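What follows is a short report on a single structure.
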Amino acid sequence: MKLTQLTAQLTAVVAALTLLSGGALAAEKWDMPTPYPDATFHTVNIHQFAKDVKEATGGALEINVHSAGSLFKHKEIKNAVRGGQAPIGEFFLGLLANENPIFGIDSLPFLATDYAAAEKLWKVTKPKVSDLLDKQGLQVLFAVPWPPQGLYAKKEISSISDMKGLKFRAYNANTTQLAELAGAVPTQIEVADLPQAFATGRVEAMITSPSTGVSSKAWDFLSYFHHTQAWIPKNIVVVNKAAFGKLDAKTRDAVLAAAAKAEKRGWKMSKAETDEKIAILKKNGISVVTPSSALMSDLRKIGATMSDEWIKKAGAEGQAVLKAYNN
Ligand code: PCA
């Protein structure tokens with residue numbers, strides 16, 4: 001064998017070895033910021049998603065979940081993923097309602113109040129939501145709903161006049177608007193900060209799910225849960241498109257398959273949550289009440305006002321989505 005041939009063969013062997021070890025070393029590690037505590041079913045679902053991805057890719061992609069706003073604060077997560085500081089992340093879709101009303105459609109009171117309706121609403125909003133986020137370099141992986149939203153307070157609220165002047169915890173533009181229309185005084189507070197906010201008297205009432213009531217130990221500061229089932233808002237998981245594009249096709253497919261599974265599993269978990277978490281609220285001394293017809297009709301009026309304003313703000317595109325939903 002000539003020396004040049006030998007050199008060529010050696011080069012090939014070295015190249016192959018580099019490729020092999022490179023392949024093994026190139027296990028991609030992704031940090032994933034999420035806003036809610038580990039025990040929340042959304043976070044449990046995401047941990048499972050990360051596990052599924054790791055298994056399906058034979059460890060080639062490892063997603064490290066940072067829950068409860070520990071890596072990025074909730075309000076920063078979307079932009080962190082957009083800017084590539086985190087390749088993937090979760091947030092409350094309705095948090096973006098200020099940016100575009102379409103993101104807040106699922107927190108409009110009494111538009112979609114059961115899971116079948118929520119599913120239909122997601123089906124008709126998903127293309128628009130995906131499109132808007134795509135323009136920001138984000139790809140939607142999956143969305144999972146919270147259980148129906150109910151009203152927590154220290155005393156029973158029999159009509160909206162009982163909400164007058166209450167220091168009300170809001171979580172986005174819609175809940176802020178609802179509080180204002182009810183004559184309450186809204187303050188936006190993250191789930192992770194709820195116990196502190198209630199303990200110090202910054203807030204004294206809120207609308208959220210049985211899940212969040214349990215995760216924040218609502219019984220420590222509140223006594224009533226009015227099961228209003230007013231809307232079913234969602235969390236969304238997005239990936240930075242550039243980061244996603246750097247994965248090989250097989251890994252990308254594995255992520256998409258795990259995401260589809262997570263969406264299905266998440267909806268199922270959400271449906272099971274309502275009864276399960278209401279039972280825990282009761283066990284800890286919260287009075288779970290069916291809202292009075294006066295309260296319901298007051299809330300519906302507020303919902304109608306909010307929908308009217310939403311339609312004005314959302315323009316033709318929003319109206320098209322609403323029309324598709326109502327068809
Ligand atoms: N929990 C979250 C969003 C909706 C819900 O049920 C919160 O209270 O912020």
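Whatever order the structure lists ligands and atoms in, that order sets their numbers, starting from 1. Bear in mind the structure is a predicted one, so any value in this text is a computation, not a measurement.
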### Task
Return the option from Gly150, Ser209, Ala192 holding the heavy atom at the smallest distance from atom 6 (O) of ligand 1.
Ser209

### Message
Per the ring pair (Phe, Tyr, Trp, His ring centres under 6.0 Å) rule, what does the pair list look like for residues 254-275, sequence neighbours excluded?
### Response
none

### Query
Taking heavy atoms and a distance under 4.0 Å, where does Gln188 meet ligand 1: side chain, backbone, both or neither?
neither

### Query
Can you list the ligand 1 atoms lying under 4.0 Å from a non-hydrogen atom of Phe92?
3 (C), 4 (C)

### Query
When you measure from atom 5 (C) of ligand 1 to every protein heavy atom, which one gives the shortest distance, and what is it?
Thr208 OG1, 3.1 Å

### Message
Is the distance from the ring center of Phe72 to that of His66 below 6.0 Å?
### Response
no

### Task
Please confirm whether Trp146 and Tyr171 have ring centers closer than 6.0 angstrom.
no

### Task
Flag the pair Phe49 / Leu141 as yes when at least one side-chain heavy-atom distance between them is below 4.5 Å, and no otherwise.
yes

### Query
Of all the non-hydrogen atoms in the protein, which one sits nearest to atom 1 (N) of ligand 1, and at what distance?
Thr212 OG1, 2.7 Å

### Task
Go through the steps for Glu76 and Gln85 under the test side chain to side chain donor-acceptor pair (under 3.5 Å), then give the verdict.
CA-CA 11 Å; Glu76 297 164 355; Gln85 291 100 313; over 6 Å; no

### Query
What class does the angle between the rings of Tyr152 and Phe225 fall in, given that below 30° is parallel, 30 to 60° is tilted and above 60° is perpendicular?
tilted

### Task
Would you mind telling me if ligand 1 is within reach of the side chain of Gln149, the backbone, both or neither, using heavy atoms under 4.0 Å?
side chain

### Task
For atom 9 (O) of ligand 1, grab the closest protein heavy atom and report residue, atom and distance to one decimal in Å.
Arg169 NH2, 2.8 Å

### Summary
The atoms of ligand 1 lying under 4.0 Å from a heavy atom of Trp146, numbered in the order shown, are 1 (N), 2 (C), 3 (C), 4 (C), 5 (C), 6 (O)

